[in-house]
Amino acid sequence: MLMLFPKITVPGVPGIDFYRDSDEPDHFYAIRSTPKIAVDQNDKPMLSFLFFARNAKIAYASSENKDLVESQLGQLLLTVDLGLTEEEHEKAVTYLNEVLKDEQHPFVWLYEKMTKKSLPEPNAKIALPQWQKGTASLQVLEGLPNTFKKHSSTQVQPSLVGAQAAAFGVTLGTEGSQLFYDAFTKGYSGNDEEDAGIVPLQVIASYTGQSFALIPSIEIKVRASSVEIYRFLKTQWEYYRKQYETEQRTKWSFLWGLIEEKETVRTGVSVTKTDINRMVEEMWENKVIDIEITDYSALDLSNEETREVNNQIKQTMLNLITQTLIPNFFETAMVFNGNQDQGESDDDSGDNFDENEGLSADDRNLENQVQSYYFSESKDATKVSNLSIHIKEDRAIPFNLNPNGTIAVQLTEQERKDLIKYVDVSSPLVQILEVQVGVNADFVNDDIHSIIVHLDYKQKDHESGVVRQEAETFEFRTGEENYTFRVTMARNAKGELIDYYDMHAKINYKATAEAPPEIQLKDISDKSLVVSYEKLGFCTVEVSTGDMDWSMIKDAIVEFEYLAEPDKPDTRKEVRLAKDKPTGYWKCFTYGHDSKEYRYRVRYIYTDGDESTTNWSTDTRDKLIIDDIFIGRVKANFDVVIDRNTVESVKLEILYEDAAEGVKEEYSQWFNETGEYYWSIAKRENGTDRFQYRFLVEYKDDMIEETDWTKAESNAEIPVFQARRFKKVFILDAADLDWGKWRIVYATVKYEDFDHGYEVSEVFRLDEDNCFKEFTALAFDPEKNRFSYSLRYAKIGGGGVSIPEISVEDNLLLLEEPQEEEEPVD
């Protein structure tokens, strides 16, 4: 799986980021920032332009205003993708192999540190990431009248595998046709010879997609108010206007042959993705966007050695936030020539393209040079969702992709001539039906040998009685192929073109003779035909995990069953989801049924070995999100204060039991110094919020104390636990005794704490030279003194006096002359 960082770029291959695979160190994924024109099997651009000249009948048929007769129309067909060219692939492989040889290279060093994997012999392989979902859209001459553009493809679904090919079509009016005709016939309008042949299409292609990527063991939380973001961006936008909306040129007006006045013309202002990235960074620094990063890995992001990882994380988050903000607060800008006002058209020249849009010799294959945006000042920020991104733990996360920008293509003079098809009223080309054919299927994972697609057109022309007929069969072996079906169309009694055709498709699998029956579709008119699993007669479901606590769950096994044909071999299947494989797929042939209804249930396998299974649920969606059965969390915060002079360590024990659910979990946490512990577990449906806890304290004198179990509830305020002992000193002072009478005094001092089972005692010998002693005990209660003592006085010459045990609460004992009777002399 793709690792979100580190990433690397290749010199001479601009606009493409390369990411490592989490399991294969020499596998890379290439992600292009801007779409390019796709090429066919013969390495020819998949681009064509039909130029209809002086055909009032066609104009009438395509115009809403039946009184308008146009002299020319045009149709632009193009396919874009995100794949690498052969030159880009060759440069990237060469450079990446050189990098892999250098173990000290930061990119290699970071990967090894994060994955704990050593490098193999350099043999770089480059693939494209598979998208889980995505759309592609086209903007052509937006905001201009109907004479420029009549209709264009809006939003289509790309192939989702491989190069993400997406096909579009545009119908152009009089001025739009002239604009593109000039672009294709004249090419680049600049002066550099090296840029000759560049055709800036003034077409914006935008992808919005989602894949999955693996991140290290960190938790990242991003939060921001959409209103606050809007206010900040609006302030920045005003700043950009003041800085960059400068005087461009002077226009002179003439009246009656005399100069009357002059006026200054100012250029419009747009910002690039780099500018927006800078704004996001300023929002981060100014706390408009709150980003919290917690490191759970062994990387230690605060360490100087791993600051590059931290920088990569920061840059990745900036890019994720920028990609989230652009579709909500910005509009993609069209680039115009600096010598012409925006909004003006020039029907004569067609040279209203930015001369800076040409490609240098080094960047010849980079079809997009400009990515600029306008701020949506009229946006209602209250209707935009607040920014909220939450990435947690070492797992796969949704990875948003948004390649977009204006398209330019490098064409030779001959290629431009071949590109344009001239159509006049007498030409049969006016009746051409052109269909771009592709497939959307996972050939590798689904073990597909081939998909055979057959198109058949057969219609009778009403006026001439001629049957227009064409049939062609296309074989797809990888899913990357693109074909074009062309046929001269017939007309009906109203003079309308008949663009209906039939399609037959069949899928063949490897290593088996069994295959689903052929699918037939009648009277379809798709100009861009993508043969998907649905068209092939399959029920398909993409199943992925949503809110899943992988610390509690090891696997989630989803069992599917197609209801219309439950007993067929392929209509039942289990899909296993795990932390490192959060997405799976199920598909089955529908056997001629129109129904897409299926049922499913989930078996959860927990990390402790237990299992549980949900009830059957019925659904028809092609995308299914599986959450865990936990509805919340039981949590508590524990604060422990340790006196290092008297305490060795403290152990916290937590017991969570739910008899109804058959759950019993035990947790423990050791403290060697003062600290805090946040405990949290997932709670199952109908589970309890209650738990118990206790503390075990090991003291410096090897004594162990164990508290009673305490009951508590989730989020309850747990009192601070203080682990310490209190030093108690008992002083014996015999300085006032008549040492001319007494030879020695023996004192036995004892301290007891019955509640804690603690007792300590010591015997002291006092004489004239040592008449002052101290007794020390470590008490559990600072308020209680539980001392006791007994004395035995020995006289000079023999005999003595004994004082039985006496309990006191004072800390000082002044020995006095005993009043008891003397003991007999031995």
Side-chain angles (χ1 to χ4, degrees), residues 1-2 16 18 21 24 27-32 35-47 78-90 92-93 123-134 136 156-167 207 209 211 365 401 403 435-455 472-485 503-516 518-519 526 528-538 540 542 583 585 587 589:
M1 179 176 291
L2 180 151
I16 302 176
F18 294 87
D21 186 90
E24 300 293 338
H27 282 51
F28 293 83
Y29 296 96
I31 297 183
R32 194 179 203 98
K36 66 178 182 63
I37 293 291
V39 295
D40 61 16
Q41 308 295 73
N42 299 317
D43 205 31
K44 298 294 184 182
M46 298 188 68
L47 179 69
L78 71 157
T79 299
V80 299
D81 67 23
L82 303 176
L84 273 64
T85 66
E86 290 185 10
E87 183 180 355
E88 289 170 339
H89 186 275
E90 182 179 346
V93 169
N123 184 23
K125 302 178 182 65
I126 300 175
L128 302 175
Q130 180 172 330
W131 290 19
Q132 308 305 313
K133 58 183 178 181
V156 299
Q157 181 173 324
S159 58
L160 298 183
V161 293
Q164 307 296 332
Y207 283 80
S211 184
N365 292 309
L401 303 108
V435 181
Q436 294 183 355
V437 187
V439 299
N440 181 8
D442 192 339
F443 280 68
V444 176
N445 292 325
D446 290 344
D447 212 22
I448 298 174
H449 174 269
S450 62
I451 295 177
I452 309 299
V453 179
H454 178 82
L455 269 61
E472 195 167 355
T473 300
F474 307 105
E475 182 179 21
F476 295 85
R477 287 295 188 97
T478 66
E480 299 298 318
E481 300 92 344
N482 290 285
Y483 297 102
T484 302
F485 174 75
M503 187 272 286
H504 306 256
K506 185 177 180 61
I507 187 169
N508 300 303
Y509 292 100
K510 296 177 181 178
T512 178
E514 297 182 3
E518 182 180 80
I519 295 300
D526 301 36
S528 175
L529 178 63
V530 177
V531 181
S532 61
Y533 284 125
E534 183 176 1
K535 280 190 171 66
L536 289 168
F538 284 88
T540 61
E542 173 194 307
T583 302
Y585 301 89
K587 76 175 191 310
F589 190 62

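Along the sequence shown, residues carry numbers from 1. Since the model is a prediction, treat every value here as computed from it, not as a measurement.
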Hey, could you give me the [atom1]/[atom2] distance between [X] and [Y], rounded to the nearest 0.5 Å?
| X | Y | atom1 | atom2 | answer |
| --- | --- | --- | --- | --- |
| His449 | Tyr509 | NE2 | OH | 13.5 Å |
| Phe485 | Gln436 | CZ | CD | 13.5 Å |
| Met46 | Asn482 | CE | CG | 4.0 Å |
| Glu475 | Ile451 | CD | CD1 | 10.5 Å |
| Gln164 | Trp131 | CD | CH2 | 5.0 Å |
| Lys506 | Leu536 | NZ | CG | 10.5 Å |

>> With a 4.5 Å cut-off on side-chain heavy atoms, are Pro35 and Asp81 touching?
In response: no
> Would you call Ile37 and Val80 a side-chain contact if the rule is heavy atoms closer than 4.5 Å?
Replying inline: yes
> Is there a donor-acceptor contact under 3.5 Å from the side chain of Ser211 to the main chain of Gln130?
Replying inline: yes
For a quick test of reading the model, state the closest non-hydrogen atom pair linking [X] to [Y] and the distance between them.
| X | Y | value |
| --- | --- | --- |
| Leu78 | Leu47 | CB-CD1, 3.5 Å |
| Met503 | Leu455 | CG-CD1, 3.9 Å |
| Gly537 | Phe589 | O-CD1, 3.1 Å |
| Thr79 | Ala167 | OG1-CB, 3.7 Å |
| Gly83 | Leu128 | CA-CD1, 3.9 Å |
| Val530 | Val439 | CG1-C, 4.2 Å |

Greater than 12 external heavy atoms within 6.0 Å of [X]'s [atom1]:
| X | atom1 | answer |
| --- | --- | --- |
| Lys133 | NZ | no |
| Glu518 | CD | yes |
| Lys125 | NZ | yes |

> Can you check side chain to side chain contact (heavy atoms under 4.5 Å, CB included) on Ile126 and Phe18, steps first, answer last?
Replying inline: CA-CA 9 Å; Ile126 300 175; Phe18 294 87; 3.9 Å; yes
>> Run the ring-ring contact (aromatic ring centres under 6.0 Å, His included) test on Phe476 and Tyr483 for me, step by step, so that the C-alpha distance in whole Å, both residues' side-chain angles and the decisive distance to 0.1 Å come before the verdict.
In response: CA-CA 9 Å; Phe476 295 85; Tyr483 297 102; 5.0 Å; yes
> Would Glu88 and Arg32 count as a salt bridge (charged side-chain N to carboxylate O under 4.0 Å, His left out) if you check the C-alpha gap in whole Å, the side-chain angles of each, and the deciding distance to 0.1 Å?
Replying inline: CA-CA 11 Å; Glu88 289 170 339; Arg32 194 179 203 98; 2.9 Å; yes
> Asp526 and Val435: side chain to side chain contact (heavy atoms under 4.5 Å, CB included), yes or no, with the steps?
Replying inline: CA-CA 7 Å; Asp526 301 36; Val435 181; 5.7 Å; no
